[in-house]
Visitor: 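The following block contains the structure, expressed as structure tokens.
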Amino acid sequence: GAERSGLGLQVWPDGAYYKGFWKNNMASGKGTFKHSNGVFYVGQWRHSQAHGLGIYYDEERITYAGEWMDDQPGGLGEATWTDSSKYAGNFLRGAKHGAGEYTWPDGSKFTGQFQIHGSGTWSSITGDRYTGQWKVSLKHGLGRYQLADGQVYSGHYVDGEKDGFGIFEWSNGMSYKGYWVAGHPAAVAAGTLEAPADDGLKVQAVSSQLSDSQLRRV
């Protein structure tokens, strides 16, 4: 079809929609995305990813307001949780990092530097979840990252990027098993693409999934 450019609306079968500006067939500029679960993101976009200033909220409250980078909180922002605790400060790839202030529901506060190191589980305001090893607030070592829509990466990380052997599984049953370099599959030849027997997809169609922006996020 025609290239999407300028102001427009796209609606997905599950009820999700994006309304805003487009450039070169990608969300770019100001726009609103409503997830199928009723959660909204309103703000700036680049290459179909939240990037710049934006607000993430549901019907009851704002869960994050501030700067975004590559579809995750990055820079200065404020996050709140259902128990009324909140954090205001710096974020890096969706995690608290650097100078900030955390306030507990009882009003007690911690002000200082935040970093993650060792092994542990991180969950984002968008529903993503990572369990594994960390180094200086970056995923580093073995870990498992599950996106809110059910897609999963299990494997090795280096300085926050998928690097080494790993398995990426799509929610429709497709999977890629092989080596990664700096967050991307090393090459189709260096791994194995698999689809469910009843899927009816050709390898070429499966290969096109490797450019999905979600691969860059986990």
Side-chain angles (χ1 to χ4, degrees), residues 27 29-35 37-149 151-153 156-163 182-183 213-218:
K30 294 182 179 179
T32 297
F33 183 81
K34 179 185 178 183
H35 295 261
N37 61 3
V39 177
F40 287 83
Y41 168 81
V42 179
Q44 297 173 313
W45 296 79
R46 187 185 72 173
H47 302 155
S48 290
Q49 294 185 319
H51 193 94
L53 293 176
I55 299 173
Y56 191 87
Y57 67 97
D58 58 25
E59 294 180 352
E60 298 180 356
R61 63 192 177 88
I62 295 174
T63 54
Y64 176 80
E67 295 178 302
W68 294 73
M69 183 176 292
D70 298 331
D71 234 20
Q72 298 183 87
L76 290 173
E78 181 173 307
T80 61
W81 287 266
T82 55
D83 64 357
S84 298
S85 60
K86 65 180 180 180
Y87 168 81
N90 285 283
F91 288 80
L92 177 66
R93 299 186 182 182
K96 298 184 289 291
H97 180 84
E101 181 178 83
Y102 186 89
T103 304
W104 281 267
D106 64 2
S108 57
K109 296 181 179 181
F110 170 80
T111 302
Q113 296 289 320
F114 289 78
Q115 285 191 351
I116 305 172
H117 196 84
S119 298
T121 297
W122 164 86
S123 57
S124 77
I125 56 174
T126 60
D128 294 355
R129 185 180 181 88
Y130 171 78
T131 300
Q133 297 172 311
W134 300 81
K135 185 182 77 172
V136 195
S137 293
L138 295 175
K139 300 183 289 289
H140 190 90
L142 292 175
R144 182 180 188 273
Y145 195 116
Q146 180 168 342
L147 291 158
D149 62 8
Q151 301 185 86
V152 178
Y153 170 79
H156 203 267
Y157 287 87
V158 173
D159 294 333
E161 299 283 1
K162 299 182 294 297
D163 203 298
S213 64
Q214 289 172 315
L215 287 178
R216 299 192 295 271
R217 195 165 103 222
V218 301

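Here the structure is a predicted model, which means the values were calculated and not measured. Note that the numbering runs from 1 along the sequence shown for the chain.
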Visitor: Would you please name every residue forming a side chain to side chain contact (heavy atoms under 4.5 Å, CB included) with His156, sequence neighbours left out?
Guide: Leu142, Val158
Visitor: side-chain hydrogen bond (donor to acceptor under 3.5 Å, both in side chains) with Arg129: which residues, sequence neighbours excluded?
Guide: none
Visitor: Under 3.5 Å, side chain of Arg93 to main-chain N/O of Gly160, donor-acceptor pair present?
Guide: yes
Visitor: With Glu101, which residues qualify under side chain to side chain contact (heavy atoms under 4.5 Å, CB included), at least two apart?
Guide: Thr103, Lys109, Thr111
Visitor: Distance check, rounded to the nearest 0.5 Å: Gln146 atom CD versus Tyr130 atom OH?
Guide: 14.0 Å
Visitor: Whether the side chain of Trp45 engages the backbone of Gly31 through a donor-acceptor N/O pair (distance < 3.5 Å, no angle test) should be reported.
Guide: yes
Visitor: Report yes if the side chains of Trp134 and His140 come closer than 4.5 Å at any heavy-atom pair, otherwise no.
Guide: no
Visitor: How many angstroms lie between CZ in Phe40 and OH in Tyr56, if you round to the nearest 0.5 Å?
Guide: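 OH of Tyr56 is found 11.0 Å from CZ of Phe40.
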Visitor: Answer yes when Lys135 and Asp159 have at least one side-chain N-carboxylate O distance shorter than 4.0 Å, and no when they do not.
Guide: yes
Visitor: According to ring-ring contact (aromatic ring centres under 6.0 Å, His included), who are the partners of His97, at least two apart in sequence or on a separate chain?
Guide: none
Visitor: Examine Tyr102 together with Phe114 and report whether their ring centres are nearer than 6.0 Å.
Guide: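 No, the ring of Tyr102 stays outside the 6.0 Å limit from the ring of Phe114, centre to centre.
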Visitor: State, yes or no, whether a side-chain contact exists between Val152 and Leu147 at a heavy-atom distance under 4.5 Å.
Guide: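 A side-chain contact under 4.5 Å is absent here.
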Visitor: Is there a donor-acceptor contact under 3.5 Å from the side chain of Asp149 to the main chain of Gln151?
Guide: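 Here the side-chain-to-backbone pair exists.
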Visitor: Between Tyr57 and Tyr64, is any pair of side-chain heavy atoms under 4.5 Å apart?
Guide: no
Visitor: Hey, are the side chains of Leu92 and Leu138 touching, using non-hydrogen atoms and a 4.5 Å cut-off?
Guide: yes
Visitor: State whether the side chain of Lys86 and the backbone N or O of Thr80 hold a donor-acceptor pair below 3.5 Å, judged by distance alone.
Guide: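 No.
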Visitor: So does Gly52 get a backbone contact from the side chain of Glu67, meaning a donor-acceptor N/O pair under 3.5 Å?
Guide: no
Visitor: Taking the ring of Trp68 and the ring of Tyr41, is the distance between their centroids below 6.0 Å?
Guide: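 Yes.
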Visitor: Taking Tyr157's backbone N and O only, do any of them form a donor-acceptor pair with Asp163's side chain (distance below 3.5 Å, no angle check)?
Guide: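 No: the side chain of Asp163 does not pair with the backbone of Tyr157.
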Visitor: Side chain to side chain contact (heavy atoms under 4.5 Å, CB included) with Ala88: which residues, sequence neighbours excluded?
Guide: Glu78
Visitor: Side chains of Asp71 and His51, heavy atoms from C-beta outward: is any pair under 4.5 Å?
Guide: no
Visitor: For Ser119 and Gln133, work out which heavy atoms get closest and say how close.
Guide: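 Nearest heavy atoms, Ser119 then Gln133: OG-CG, 3.8 Å.
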Visitor: Say you draw a straight line from CG of Asn90 to NZ of Lys96; how long is it, rounded to the nearest 0.5 Å?
Guide: 12.5 Å
Visitor: Closest approach of Ile55 and Ala65, non-hydrogen atoms and distance?
Guide: CG1-CB, 4.1 Å
Visitor: So, using side-chain hydrogen bond (donor to acceptor under 3.5 Å, both in side chains) as the criterion, who are the partners of Tyr153 when residues are at least two apart?
Guide: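 Tyr153: no side-chain hydrogen bond (donor to acceptor under 3.5 Å, both in side chains) contacts found.
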Visitor: With a 3.5 Å cut-off and no angle check, do the side chains of Arg46 and Gln44 form a donor-acceptor pair?
Guide: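 No, because no side-chain N or O of Arg46 sits under 3.5 Å from a partner of the opposite role on Gln44.
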Visitor: Ignoring hydrogens and geometry, is there a side-chain-to-backbone donor-acceptor pair from Thr131 to Thr121 under 3.5 Å?
Guide: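 Checked: no pair found.
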